[in-house]
J.: 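This is the structure I want to talk about, given as structure tokens.
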Amino acid sequence: MRAYAARHNWPVVGITHDISSPEVYNQLILAHCGGLRENDAIVCCSVATAQAVQRQITAVRAMLRPRHATVKLPIIPYGIDISSIVKIPQPIARSELCLSSNDFVFLYIGRICGITKADLASLVLSFGTIFAGRSNVRLVLAGSTTSEGGEDGYVLHLRRLIAEKALDKQVKIFANPDDTTKSKLYSSANVFVSPANSLQESFGIALLEAMAYGLAIIASDWDGYRDIVLHGKTGYLFNTRIFDNTIAHIQSAFETWPILLEGVQRAVLLDFGECERFMIQCEGDRKTTEALGCAGQRRVAQIFDWKVILGQYRELWRNLVEMSARTKVETSAIGLFPNLPKFFEGHASYSCRPED
């Protein structure tokens, strides 16, 4: 559109979210053909996301060999509105959720899906390994499901697993909680746990929310999580591994994105042994756990409040506008718009111009 209609080379700015789809690569090809320039930007929400986008851009540029400089990839995180966080007194919140005041509660909130979010089945198994029979230690899993207003196959699988391991009295699932229930859950918990292993997880808003409620974090060392959690200071990150050869094989064997995403997810290994050690540590040293939560609460207010982040966007826009004033519009990108009357003029008896 800039090439087609603009008089000035105003900046084009995009924001990343889920970059796991192969369509992202296709769009980057089109964007570079369309004259994406050095005064344009793709804002990335995490360091790992920026690295993934940069690798794709490098591959695109090697194929297209554009003559102009590459687009910028500034890293500006997602944020939350700190002023909207109102913690409910823990005794009240726990009473309404049928949790005891003496419980130590590990909480997960996010999509309840083993492919597009986190390995919750392994989390349940790890919890059972270290805390089975400890009636005052609880694990709560909450979040949206793929079945609107109901429970899908993965939730039912988790419930069967919980029953098989005799964890019914220690592990609870809240499917599709509303905002009020989510606030009660955050207010009731001691530690937030998230074993993310999906390419769709690019940042981790739920971690910010948990930190704003003063919770210590135990999370997989995955993508944007490592930008949020300061290991040993606001929580703990346990190791993850991804196997390149397996992914290459999957890419060559399947075409559809859902199957590819599931295959890649299976090629990611989480160190649940390390996760278990951190869970034991948090439950055993509650004073340190509380201190981690307080430190996280300060960090999210200082760095991840929207009031802070919006200032970064304003500064980015000012810089890009200044750069764009020194460049010209890339008119060759008009070719991205198919001129159908011109292409198909042979279909008619003769062609003419509008003024004829």
Side-chain angles (χ1 to χ4, degrees), residues 77-80 82 84-88 90 93-94 97 99 103-113 117-120 122-124 126-127 130-131 137-144 170-174 177 179 181-198 201 203-238 240 270 272 274-301 303-304:
Y78 298 146
I80 61 174
I82 298 295
S84 68
I85 303 296
V86 180
K87 186 171 183 177
I88 302 168
Q90 191 175 85
R94 289 191 172 190
L97 296 174
L99 296 170
D103 287 343
F104 189 89
V105 180
F106 293 95
L107 171 68
Y108 165 86
I109 292 183
R111 287 191 305 277
I112 301 181
C113 180
K117 187 66 177 185
D119 187 357
L120 300 180
S122 294
L123 178 61
V124 169
S126 286
F127 178 85
I130 55 180
F131 294 121
V137 182
R138 309 291 294 273
L139 173 64
V140 177
L141 308 176
S144 59
Q170 290 181 259
V171 182
K172 298 186 67 172
I173 296 178
F174 290 82
D179 290 341
T181 303
K182 284 175 62 177
S183 180
K184 293 175 184 177
L185 290 166
Y186 281 127
S187 300
S188 297
N190 299 96
V191 175
F192 187 85
V193 186
S194 184
N197 63 344
S198 172
E201 183 56 82
F203 188 66
I205 292 292
L207 270 66
L208 299 185
E209 293 174 343
M211 291 166 68
Y213 277 89
L215 303 184
I217 307 294
I218 299 176
S220 49
D221 186 14
W222 186 254
D223 198 354
Y225 282 16
R226 67 175 64 99
D227 294 359
I228 298 172
V229 180
L230 297 180
H231 183 72
K233 296 181 178 179
T234 65
Y236 303 104
L237 296 169
F238 57 92
T240 62
L270 306 185
F272 275 98
E274 193 172 28
C275 177
E276 290 172 14
R277 290 194 293 275
F278 291 142
M279 293 175 76
I280 292 171
Q281 186 173 332
C282 284
E283 192 275 331
D285 187 354
R286 303 188 182 190
K287 184 175 181 180
T288 298
T289 299
E290 186 176 344
L292 293 173
C294 291
Q297 197 170 40
R298 292 191 296 271
R299 176 172 169 78
V300 75
I303 299 176
F304 298 106

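When reading the values below, keep in mind they use all heavy atoms of this one structure, side chains included, and skip hydrogens, waters and symmetry mates. Each residue takes its place number in the sequence, starting with 1.
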J.: How about Gln90 and Ser187: does a side-chain donor come under 3.5 Å of a side-chain acceptor?
T.: no

J.: Taking atom types as modelled, find out whether Tyr236 and Gln281 have a side-chain donor-acceptor pair closer than 3.5 angstrom.
T.: yes

J.: Quick one: NZ on Lys184 to CG on Asp179, what's the gap to the nearest 0.5 Å?
T.: 12.0 Å

J.: Would you call the rings of Phe106 and Phe127 parallel, tilted or perpendicular if under 30° counts as parallel and over 60° as perpendicular?
T.: perpendicular

J.: Does atom NZ of Lys233 have more than 12 heavy-atom neighbours, drawn from other residues, nucleotides or ligands, at distances under 6.0 Å?
T.: no

J.: Below 4.5 Å, heavy atoms only, C-beta onward: do Val171 and Arg138 meet side chain to side chain?
T.: no

J.: Would you compute the distance between atom CZ of Arg299 and atom CZ of Phe304 and round it to the nearest 0.5 angstrom?
T.: 4.5 Å

J.: If you apply the rule side chain to side chain contact (heavy atoms under 4.5 Å, CB included), what do you find for Leu207 with Val300, and how did you get there?
T.: CA-CA 9 Å; Leu207 270 66; Val300 75; over 6 Å; no

J.: Are the aromatic rings of His231 and Phe278 close, with centres under 6.0 Å apart?
T.: yes

J.: Got a second to check how far Asp223's CG is from Ser198's OG, nearest 0.5 Å?
T.: 10.0 Å

J.: What side-chain donor-acceptor pairs closer than 3.5 Å can you find for residues 288-296, not counting sequence neighbours?
T.:
from: Thr288; atom 1: OG1; to: Asp285; atom 2: OD1; distance (Å): 3.2
from: Thr288; atom 1: OG1; to: Asp285; atom 2: OD2; distance (Å): 2.6
from: Thr289; atom 1: OG1; to: Cys282; atom 2: O; distance (Å): 2.8
from: Thr289; atom 1: OG1; to: Asp285; atom 2: O; distance (Å): 3.0

J.: Val137 vs Glu283, test: side chain to side chain contact (heavy atoms under 4.5 Å, CB included). Steps then yes/no.
T.: CA-CA 8 Å; Val137 182; Glu283 192 275 331; 4.1 Å; yes

J.: Identify each donor-acceptor pair in which a side-chain atom of residues 212-219 lies under 3.5 Å from a protein atom, sequence neighbours left out, and give them as a table.
T.:
from: Tyr213; atom 1: OH; to: Ser183; atom 2: OG; distance (Å): 3.0

J.: State the NZ-OG distance between Lys182 and Ser144, to the nearest 0.5 angstrom.
T.: 8.0 Å

J.: Kindly indicate, with the supporting measurements, whether the criterion side chain to side chain contact (heavy atoms under 4.5 Å, CB included) is fulfilled by Tyr186 and Lys87.
T.: CA-CA 8 Å; Tyr186 281 127; Lys87 186 171 183 177; over 6 Å; no

J.: Within this structure, what is the CZ-CD1 distance for the pair Arg277 and Ile130, rounded to the nearest 0.5 Å?
T.: 11.0 Å

J.: Leu107 and Leu185: which non-hydrogen atoms are nearest, and at how many Å?
T.: CD2-O, 3.5 Å

J.: Closest approach of Ile228 and Thr234, non-hydrogen atoms and distance?
T.: O-OG1, 4.3 Å

J.: What's the shortest heavy-atom distance between Thr240 and Ser220, and which atoms?
T.: CG2-CB, 3.7 Å

J.: Shortest non-hydrogen contact from Leu141 to Leu123?
T.: CD2-CD2, 4.1 Å

J.: Between Phe192 and Ile109, is a side chain to side chain contact (heavy atoms under 4.5 Å, CB included) present by the stated rule, with each step listed?
T.: CA-CA 8 Å; Phe192 187 85; Ile109 292 183; 3.9 Å; yes

J.: For the OG atom of Ser188 and the CG atom of Leu99, what is their distance to the nearest 0.5 Å?
T.: 5.5 Å

J.: Do you know the tightest heavy-atom contact between Phe272 and Pro195?
T.: CZ-CB, 3.8 Å

J.: Which atoms form the tightest heavy-atom contact between Arg94 and Asn190, and what is the distance?
T.: NH2-OD1, 2.9 Å

J.: Output every pair passing salt bridge (Lys or Arg N to Asp or Glu O under 4.0 Å) with a member in residues 205-217, not counting sequence neighbours, ordered by first then second residue.
T.: none

